[in-house]
Structures are given as C-alpha cells and as structure tokens.
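Take a look at the structure below.
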Amino acid sequence: MVDVSAKAPTIREAVAAGKVRMEQETFAAIEAGNAPKGDVLGTARLAGIMAAKQTSTLIPLCHPLPLQKVEVQITPDPQLPGYQITATVKTKAETGVEMEALTAVSVAALTIYDMAKALEKSIQIEAIHLVSKTGGKSGEYSRQEGNLL
C-alpha cells in the first residue's frame, strides 16, 4: 500500500457512473416489478452501497476508509433501454474514494444482471467510469464530455 501517513485528512468526494443495457422486454419487466428474483433496483442500490464499504477487501492495496456518505442512484433510461447508475462517495481521510465509487457502480450493475438474468442472459454492463473527484493533493477532476465514451 502507498504510505499516506504524512498526508492530512481532507474532505474527499468521488462520483462514478455506468450503464446497464438490456432488451426492451427485460426493461419493461423490471419497471413493472415482474422480475423473478424480486426488487431488482432496490437490491442493486443496496448492493452498491454495501460494496463501497467493502472496497478495501475486494481491491488489493486499497486503503480501508471511513465513509461518511454512499449514495447510489439507478435511473431508468428507455433510450438504452436499461439503467444509468451513479454512485457518490464522501469521506474525510488521507486518500480518495474513487475506487469506492467505481466499486459501488460495478456491483450495482452486476446485481442488476444477477437479478434479471432469468429474463435475459445478454444484458450488457457498459461505460463504468469516474465522473469527478474533489479533495486531496491532486485537486479536482471532472471528466470532459466526449472523453472515451
């Protein structure tokens, strides 16, 4: 692990996002609450929050952090069709929370897949990326529109 002991704790926040794309029939079933495993979106939201809290046990050399905020939003997007996932994570610590935000989005997306795989095996998880981050020595970062996606 990188030694962060000499760094002062600062308020840090990271936002990550991703997409889950599926067939229209699968999307309609989830929206209607007709998935075989139950509440797809509620379960995925909770899984994302729990995953952010477990990031240091999942990602080698990742620092365990005291998280003050984890918010996971899952928004229906009929144009995909599917869902847009956004995670916001905040802490006051010596290192940032980018990995926690990315992990929250990833696990929320995987949970949507797991909860809906009985309806469709071809669901796609796409474009997981860091949207922005604040705090720390490297300062602010905000992904510019059109970068890579």
Scan [range] for pairs that pass ring-ring contact (aromatic ring centres under 6.0 Å, His included), counting only residues two or more places apart or in two chains.
{"range": "residues 34-55", "answer": "none"}
{"range": "residues 34-82", "answer": "none"}
{"range": "residues 97-125", "answer": "none"}

Residues in salt bridge (Lys or Arg N to Asp or Glu O under 4.0 Å) contact with [X], at least two apart in sequence or another chain:
{"X": "Lys53", "answer": "none"}
{"X": "Asp39", "answer": "none"}
{"X": "Lys7", "answer": "none"}

**Report entry** Connected-component partners of Met50 among ILVMFWY, side-chain separation under 4.5 Å
**Finding:**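 Leu46, all in the cluster of Met50.
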Report task. Tell me who clusters with Val2, hydrophobic residues only, linked when side chains sit under 4.5 Å apart either directly or through other members. Result ->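 So far as hydrophobic clustering goes, Val2 is joined with Val4.
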Identify the heavy atoms of [X] and [Y] that sit nearest to each other, and give their distance.
{"X": "Ser56", "Y": "Cys62", "value": "CB-O, 3.3 Å"}
{"X": "Thr111", "Y": "Ala44", "value": "CG2-CA, 3.6 Å"}
{"X": "Ile123", "Y": "Ala116", "value": "CD1-CB, 3.7 Å"}

Membership question, hydrophobic clusters at under 4.5 Å side-chain separation (ILVMFWY): are [Y] and [X] in the same one?
{"X": "Val107", "Y": "Ile49", "answer": "no"}
{"X": "Val70", "Y": "Leu110", "answer": "yes"}
{"X": "Ile128", "Y": "Ile59", "answer": "yes"}

**Report entry** Distance (rounded to the nearest 0.5 Å) between Gln73 CD and Gln84 CD
**Finding:**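 The CD atom of Gln84 is 11.5 Å from CD of Gln73, to the nearest 0.5 Å.
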Query raised in the report: Restricting to pairs with a member in residues 59-81, which pass salt bridge (charged side-chain N to carboxylate O under 4.0 Å, His left out), not counting sequence neighbours?
Result: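 Output for this query lists Lys69-Glu71.
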Requested in this report: Mind checking side-chain hydrogen bond (donor to acceptor under 3.5 Å, both in side chains) for Thr10 and listing every partner two or more places apart, or none if nothing turns up?
Outcome: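 Result, side-chain hydrogen bond (donor to acceptor under 3.5 Å, both in side chains) vs Thr10: Arg12.
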Requested in this report: Report the C-alpha separation of Lys133 and Ser138 in whole Å, then their side-chain angles, then the decisive distance to 0.1 Å, and conclude whether the side chain to side chain donor-acceptor pair (under 3.5 Å) test is met.
Outcome: CA-CA 10 Å; Lys133 75 104 181 158; Ser138 65; 2.9 Å; yes
Query raised in the report: Checking side chain to side chain contact (heavy atoms under 4.5 Å, CB included) for the pair Val72/Ile85: CA distance, chi angles, key distance, verdict?
Result: CA-CA 7 Å; Val72 175; Ile85 304 170; 4.2 Å; yes
Can you list, pair by pair, the side-chain donor-acceptor contacts under 3.5 Å of residues 90-104, counting residues two or more places apart and other chains?
from: Thr91; atom 1: OG1; to: Pro66; atom 2: O; distance (Å): 2.4
from: Thr91; atom 1: OG1; to: Gln68; atom 2: OE1; distance (Å): 3.3
from: Thr103; atom 1: OG1; to: Met99; atom 2: O; distance (Å): 2.7

Report task. Using atom types as modelled and distance alone, determine if a side-chain donor or acceptor of Thr57 lies under 3.5 Å from a backbone N or O of Gln54. Result ->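 Looks like yes, one N/O pair under 3.5 Å.
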Using residues 13-33 as the side-chain source, report each donor-acceptor pair under 3.5 Å to any protein atom, sequence neighbours left out, with the distance given to one decimal.
from: Arg21; atom 1: NE; to: Glu126; atom 2: OE1; distance (Å): 3.2
from: Arg21; atom 1: NE; to: Glu126; atom 2: OE2; distance (Å): 2.9
from: Arg21; atom 1: NH1; to: Leu80; atom 2: O; distance (Å): 3.2
from: Arg21; atom 1: NH2; to: Glu126; atom 2: OE1; distance (Å): 3.0
from: Thr26; atom 1: OG1; to: Glu120; atom 2: OE1; distance (Å): 2.7
from: Glu31; atom 1: OE2; to: Tyr83; atom 2: OH; distance (Å): 2.6

